[in-house]
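Below, all heavy atoms of this structure are taken into account, side chains as well, without hydrogens, waters or symmetry copies. What you see is a predicted model, and the numbers here were worked out from it, not measured in a lab.
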There are 2 protein chains.
Amino acid sequence: MQDVAREAGVSASTVSRALHTRGYASREVRERVQAVAQRLGYVPNHMARNLRSRTSTAIGVLISDLRNPFYADLAAGIEEVLRSEGHQMILVNDNGDPEEEMHAAETLLAMQVAGVIVTPVAAGCPKMLSENGIHVVCADRQLGRAGSDAVLSDNKLGARELTDHLLSFGHERIGLLIDETKWSTGAGRLAGFRAAYEAAGIELDENLIVYTSFDAEAARQTTNELLDQQQVTAILSANNVLAQGALAELKARKLKIPRRISLAAYDDVPWMSLVQPGITTVDQHTVDLGRSCAQLLLARIRDELPARRRVIRVAPRLVIRGSTGPAPRK
Amino acid sequence: MQDVAREAGVSASTVSRALHTRGYASREVRERVQAVAQRLGYVPNHMARNLRSRTSTAIGVLISDLRNPFYADLAAGIEEVLRSEGHQMILVNDNGDPEEEMHAAETLLAMQVAGVIVTPVAAGCPKMLSENGIHVVCADRQLGRAGSDAVLSDNKLGARELTDHLLSFGHERIGLLIDETKWSTGAGRLAGFRAAYEAAGIELDENLIVYTSFDAEAARQTTNELLDQQQVTAILSANNVLAQGALAELKARKLKIPRRISLAAYDDVPWMSLVQPGITTVDQHTVDLGRSCAQLLLARIRDELPARRRVIRVAPRLVIRGSTGPAPRK
DNA sequence: CTGTTAGCGCTTTCAG
DNA sequence: CTGAAAGCGCTAACAG
């Protein structure tokens with residue numbers, strides 16, 4: 001910076017003002033300084049800038065698994081907005097592990113990021129960040145009654161629509177394949193499932209709700225047990241990973257879809273439209289969800305929002321494909 | 001830090017040493033300082049640390065499209081290694097646009113990252129970074145005869161194996177669907193395709209090589225034209241995106257796979273094992289590719305490598321599934 | 001082994 | 001509108 005100052009015949013402070021601040025520098029000087037900076041290939045040092053001005057443009061993004069297209073889409077939406085607004089994304093995979101998540105949060109804190117977007121694993125993480133003055137937006141789910149801003153899919157609505165769709169086809173025994181109901185995602189989807197049964201006036205057999213772990217192979221095994229133990233004419237899988245397992249088991253058993261059994265899943269991902277028949281699902285608008293997270297966080301950072309926490313709930317869209325059809329006659 | 005120092009009855013430098021450097025502080029003092037730091041919830045400021053020590057642990061990762069599972073897997077592999085080694089990943093999508101790529105590189109430079117991993121779009125980007133003293137590893141492809149370290153898939157070998165596989169089934173007219181041959185990826189895959197024909201002693205009709213753009217819909221249209229204009233018994237798609245388009249067209253035409261036509265693709269991604277029949281492909285070990293990039297970069301940063309540039313070439317693995325079979329009788 | 005001293009490169013008062 | 005001076009929070013020399 002000194003070099004630029006000397007070359008342009010001004011002081012360092014003026015260079016700083018000419019390059020970043022607006023006003024506070026005559027047009028003539030500003031242009032001269034910018035030309036010199038360009039010529040010398042001067043690149044300002046973010047670290048020094050941030051240190052001095054006690055601000056930073058980096059944003060931490062804490063997600064569970066980049067290899068799951070849901071999280072990849074979310075991250076892509078977030079990154080798109082951040083980049084266009086001159087921010088940087090520090091991305092961390094926490095693998096769904098609370099310890100890794102907390103460790104990552106501490107690193108982000110140390111880096112003095114301007115904010116964090118997190119798909120929380122444990123409530124302690126957003127809490128710790130907030131307490132340290134870092135703005136936090138929870139993406140996809142919220143834990144506890146944390147006071148953070150959040151952008152969520154309307155899980156109850158989506159599951160309700162999927163279930164209504166199946167019920168309208170005459171399915172009365174729909175197996176719900178689900179991995180967790182402690183987070184707002186699983187809880188919402190289960191609630192939507194129940195609500196649809198209730199609205200239809202059909203009593204729900206609790207044995208139709210089967211729990212598995214968040215893993216395609218486990219889901220396949222669970223589907224296997226479900227098919228053996230319960231008379232179901234349809235399966236509703238609570239997310240894209242479980243759907244893979246369910247589909248694998250149905251194919252292995254050579255059950256005709258949807259003639260013999262219908263399959264529907266929460267969270268549309270690319271393979272669902274490529275398999276034959278295509279899987280009926282709900283599109284969560286995941287990339288948009290990511291964009292909203294980033295917009296909300298930036299608005300918060302710029303102090304453009306009322307203090308009260310804001311929760312944005314995005315309605316998913318039912319996507320009907322070939323995997324669902326009329327329930328077989330008895 | 002002053003607070004910690006005062007509370008522990010030592011100087012700031014001692015706190016610094018106790019917390020980070022090893023040796024240079026008595027065990028007793030170290031433990032006391034750490035305890036105090038813990039109690040006060042002290043989190044060291046990375047910016048100040050980096051500014052003073054003129055080092056940084058952040059690494060820039062510049063890729064084309066996070067929503068493509070290839071890049072997502074690559075990023076996941078990179079992130080895994082970086083995180084385990086105490087580094088952070090700043091991820092930027094450049095959307096395959098040279099201007100966005102260059103702009104991102106400048107930002108990373110300004111942030112004083114310790115190194116950059118890039119799937120280059122234009123040769124100017126790795127060049128500019130190197131010239132500014134930033135270590136660069138090119139991932140997946142290299143442009144020009146850039147002197148950067150690189151981790152690449154052995155594209156020629158992979159395409160050769162796929163083509164050999166098809167030829168061995170008696171296919172003589174294999175349509176190669178490809179988007180570009182300027183980068184080392186496309187060029188290598190084309191070379192492998194040619195090499196297989198040559199080794200088999202079959203003359204290659206140049207009309208079998210059809211160019212399209214990097215987009216599933218365009219690939220579908222191109223496949224449509226290929227099927228109309230050329231007698232082909234098999235299609236080889238140069239990457240996972242083009243394969244989607246090719247498959248869509250074959251399904252739309254209700255061509256039996258592989259009875260009427262075989263389909264093979266470079267780059268195994270999840271949907272290829274979920275569709276029926278599964279797609280024959282080569283697995284690039286993408287996550288490993290990412291890990292290698294990160295390991296190579298870190299070794300370079302730590303100055304553990306000879307000056308000469310290192311290029312790691314990873315052999316892909318042929319994955320035979322149901323989409324390829326004997327060529328139909330004439 | 002530890003304290004003191006001097007900055008890293010930049011921005012922000014404060015005068016002028 | 002511009003320059004001089006004073007640090008941001010930390011670590012690297014240098015003595016002790």
As a test of reading the structure: which of [options] is closest to the side chain of [X], going by heavy atoms?
X: Val10(A); options: dT11(C), dG3(D), dA12(D); value: dG3(D)
X: Thr14(A); options: dT2(D), dT11(C), dC10(D); value: dT2(D)
X: Arg52(A); options: dT4(C), dT11(C), dG3(D); value: dT11(C)
X: Ser13(B); options: dC10(D), dT2(D), dT4(C); value: dT4(C)
X: Ala48(A); options: dG9(C), dT2(D), dT11(C); value: dG9(C)
X: Ser11(A); options: dT11(C), dA4(D), dA13(D); value: dA4(D)

Fill in: Residue closer to the 5' end of DNA chain C, Arg27(B) versus Ser53(B) (nearest nucleotide)
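This one resolves to Arg27(B).
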Worksheet item: Closest nucleotide of DNA chain C for Gln112(B) versus for Gly9(B): which of these residues is on the 5' side?
Response: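 Of the two residues, Gly9(B) wins.
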Between [N] ([atom2]) and [X] ([atom1]): distance, integer Å:
X: Asn50(B); N: dT11(D); atom1: CG; atom2: C1'; answer: 11 Å
X: Met47(A); N: dT11(C); atom1: CE; atom2: P; answer: 14 Å
X: Met1(B); N: dG7(D); atom1: CE; atom2: C1'; answer: 16 Å

Discussion item. Any base atoms under 4.0 Å from Val29(A), or only sugar-phosphate, or nothing? Heavy atoms, all strands.
Written reply: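 Here Val29(A) touches the backbone only, sparing every base.
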Taking only the side-chain nitrogens and oxygens of [X], find out if one of them lies under 4.0 Å from OP1 or OP2 of [N].
X: Tyr42(A); N: dG9(C); answer: no
X: Arg54(B); N: dG9(C); answer: yes
X: Ser26(B); N: dC1(C); answer: no
X: Arg49(A); N: dT11(C); answer: yes

Worksheet item: If we ignore angles and hydrogens, is there a donor and acceptor under 3.5 Å between the side chains of Glu180(B) and Thr185(B)?
Response: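 Their side chains do contain a donor-acceptor pair, which is all the 3.5 Å distance test asks for.
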Worksheet item: Judged by modelled atom types alone, do Gln88(A) and Thr57(A) share a side-chain donor-acceptor pair under 3.5 Å?
Response: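 Yes, Thr57(A) and Gln88(A) have a side-chain donor paired with an acceptor closer than 3.5 Å.
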Discussion item. Against Ile312(B), only a single residue in Val137(B), Leu152(B), Leu289(B), Val151(B) fulfils side-chain contact (heavy atoms from CB on, under 4.5 Å); can you say which?
Written reply: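 For Ile312(B), the side-chain contact (heavy atoms from CB on, under 4.5 Å) check succeeds only for Val151(B).
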Practice prompt. Mark yes when over 12 heavy atoms from residues, nucleotides or ligands other than Glu304(A) sit less than 6.0 Å from its CD; otherwise mark no.
Written response: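 Counting neighbours around CD of Glu304(A), more than 12 heavy atoms of other residues, nucleotides or ligands fall under 6.0 Å, so yes.
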Worksheet item: Thinking salt bridges, do Arg67(B) and Asp73(A) make one under a 4.0 Å N-O criterion?
Response: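 Answer for the salt bridge query: yes.
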